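First comes the structure, then the notes that go with it.
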Protein chains: 2
Amino acid sequence: MTGHKRLTQNDIAKLAGVSQATVSLVLNGAPTALARIPAETRERVQAVIQTTGYVADPIARRMAKGLNRILGVFTYEPAFPSAQADFFTPFLLGIEEEAQHQNYDLLLLTSAGVGNNRKIFSENNRLRIADGCLVLGREFDRKELARLVTEDYPFVAIGRRDDVGGPVPYVGGDYEAATRHLVEMAVSLGHSQLAYIGPEGPAESIVDRWRGFVSTLGEGGELALHVDAVNRPAGEILDGIVSSGATAAFFIELADAVRVEAAARERGLSVPQDFSMVVLGSHIRAGRSPVRFTSYDIPREEMGRQATAMLVNRIETASAGSQILLTCEPVEGETLGPCPSNPAKRAQ
Amino acid sequence: MTGHKRLTQNDIAKLAGVSQATVSLVLNGAPTALARIPAETRERVQAVIQTTGYVADPIARRMAKGLNRILGVFTYEPAFPSAQADFFTPFLLGIEEEAQHQNYDLLLLTSAGVGNNRKIFSENNRLRIADGCLVLGREFDRKELARLVTEDYPFVAIGRRDDVGGPVPYVGGDYEAATRHLVEMAVSLGHSQLAYIGPEGPAESIVDRWRGFVSTLGEGGELALHVDAVNRPAGEILDGIVSSGATAAFFIELADAVRVEAAARERGLSVPQDFSMVVLGSHIRAGRSPVRFTSYDIPREEMGRQATAMLVNRIETASAGSQILLTCEPVEGETLGPCPSNPAKRAQ
DNA sequence: GAAAACTGCTAATACGTATTAGCTGTTAAT
DNA sequence: ATTAACAGCTAATACGTATTAGCAGTTTTC
């Protein structure tokens, strides 16, 4: 079965009574070369191509020319499983859109890695199939990133990345500025005791939020509580907030915020009357919680689009790529209000 | 920039003091050939490969061997844009999972086509980059399908497809049986006047539902109403149902069902007390409506997995592929109840 | 009327790997 | 002592395209 007797340029050439080279030239010769092939011959070749339905083998094309019009997409976690789907889908949406626009195909590097541990440079690294690669994931392997940089492989990261022996080309969201903005808003609403609920891990996205958070402390606000373990019981976190005297709590994870809000409601506390809550980032799927949290919007689709465009530019002009941070617009929501006049009463 | 001085087997060969052929054999020679290379030499070559970080160029590999370990994924609509995302994501989830398991990468054929009109066989058809292809979409181009079949290109469709000059290998959901099951349930609950709200288009998925629906008519149930235009005003559809005397309405589109249920509620009618509603297929995103409709589950992930497995099998064994329909389990829901004893009263 | 320019093509080669046939030197069989 | 078998490699080629150098014949130039 599957007996592809694939047509080649040689077949076309014989049918048209020319050489393989002529067929190739007719298909995609430089204008100067084309000018030397009379219209009659060109039409004859084209006619054969039409009737046979010949299409050039992209693999052979890549062999000869070096380029492919394929963009690799490497995700450090599986892209689609539902837990991740909401995270990756908006990126992929933007990537696909821009790829289609630029007439590139996408190669999802899914096979790489042993077990669940995905690696870019695995034993059989398939990166080179693509002309370049987009890298995304919650947390990167810095050694791999460093290798991409030193090898000068054309790639673009989605999300800001620290230098690794050289600048990493990326398109990220400006979490630091957006976080700072929300803190300033809280302070201007009278809050001076702030809580930060989230980890301090090494990931850039976490670092940026923390930086944005602490950068304005001292100018009216101060840190009353820092819970760095996520997924603690909601009641415990709530207790911490209340007893610390914090009047505004900043959450890294929407999930934590949802749970704490529910716990507060259960205790008869209401947000933002009794205390304010802010989520540092987009609600990935807002529909799940009825509460519209004050937060900021991460322009994931746009990140995907711009990263793709940057990558294509890197490939086509052999340039080095740059570093772009996109603004994350604040989302007003309904969980940030003025500082309660008598916060102590909350404890009753 | 991007000065890849890509390592080749020739470089490795020189460094190890052997020939290019030996390097290739060390990497993936048949056992019989490998047996003739002493461990010492193999280790020497492996060592060079290790230290240099050489990886074979998959393109050249494909050139020489004909296979790639890449599966193409062709979608007739963009896969990710949010309207489609909920439709395609479960399929892709299954596909990605199985692809990773079988150690294949996925090539998303996004570039093909002119404007929004995607085509498999466009002027520069990139299908051949992959070893085979999965084809998905709400509606297929039968001519393209026929061409895939006659060219004996290894592909598998997701969703049942009619023969097109030959059997089409597919993994689909058994909508016909699942629909029949729901109709039988309604009949056994005393319903005899049934409404069908949905188109009759040429798409197989629509045909199958309609077949399942009509196949049991006459044996206790009969068609009281058939609204074939979708997206009509909900009130109008509701009027039709009520005035036709139908006591159970079957919907192709969840969206229509949601709207009609809302309209009914507004008029003081309740489901399933006043009339029953059934949706023929999975709620793609159940969360949006509070009502849990009686329907059946389309095992999209499993379809993706099995289609991928079938495709890999087709590729690796050069077999022809088969046709598989997966069972769609009924979802009980809360919108199918006994036939109201005095349906006329509903009109009041 | 010889050189130059141009026209219409083709031969040859590169791309990087897989694979087969086969070469050279050694050991085993008869 | 000759042949046969085998060990340890390598040369050569195929895969399908893109591209450059250049050939043979015709036309232009001065």
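The figures that follow rest on heavy atoms only: side chains count, while hydrogens, waters and symmetry mates do not. Every value quoted in this text rests on a predicted model; they were computed, and no experiment measured them. Naming: A, B, ... by sequence-line order, numbering from 1 per chain.
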Atom pairs under 3.5 Å, N or O on each side, protein against nucleotides 16-20 of chain D: can you list them with distances?
| residue | atom | partner | partner atom | Å |
| --- | --- | --- | --- | --- |
| D/dT17 | OP1 | A/Y54 | OH | 2.5 |
| D/dT17 | OP1 | A/D57 | N | 3.2 |
| D/dT17 | OP2 | A/Q9 | N | 2.7 |
| D/dA18 | OP1 | A/N28 | ND2 | 3.0 |
| D/dA18 | OP1 | A/R61 | NE | 3.0 |
| D/dA18 | OP2 | A/Q9 | NE2 | 3.1 |
| D/dA18 | OP2 | A/S24 | OG | 2.9 |
| D/dA18 | N7 | A/Q20 | NE2 | 3.3 |
| D/dA18 | N6 | A/Q20 | OE1 | 3.3 |

Hey, does the side chain of [X] reach the backbone of [Y] with a donor-acceptor pair shorter than 3.5 angstrom?
X: B/R314; Y: B/F155; answer: yes
X: B/D105; Y: B/I70; answer: no
X: B/R300; Y: B/F88; answer: no
X: B/Q323; Y: B/R160; answer: no

Heavy atoms only: give me the nearest B/A99-B/L106 pair and the separation to one decimal.
CB-CD2, 3.8 Å
Search all heavy atoms of B/E316 against all heavy atoms of B/Y104 and return the closest pair with its distance.
OE2-OH, 2.8 Å
Could you give the CZ-to-P distance, from B/R36 to C/dT26, as a whole number of Å?
16 Å
Would you list the protein and nucleotides 27-29 of chain C atom pairs, both N or O, that sit under 3.5 Å from each other?
none

Between the two ends of the helix from C/dG1-D/dC30 to C/dT30-D/dA1, what is the bend in degrees, rounded to 10 degrees, where each end axis spans five pairs?
60°
Sequence neighbours excluded, which residues qualify as side chain to side chain contact (heavy atoms under 4.5 Å, CB included) partners of B/A64?
none
For the CD1 atom of B/I12 and the OG1 atom of B/T51, what is their distance to the nearest 0.5 Å?
7.5 Å
Under 4.0 Å between a side-chain N or O of B/S19 and OP1 or OP2 of D/dA11?
no
Under the salt bridge (Lys or Arg N to Asp or Glu O under 4.0 Å) rule, collect the residues that match up with B/E204, sequence neighbours excluded.
B/R142, B/R161
Which pairs, with at least one residue in residues 12-22 of chain A and sequence neighbours excluded, count as a side chain to side chain donor-acceptor pair (under 3.5 Å)?
A/Q9-A/Q20, A/S19-A/T22
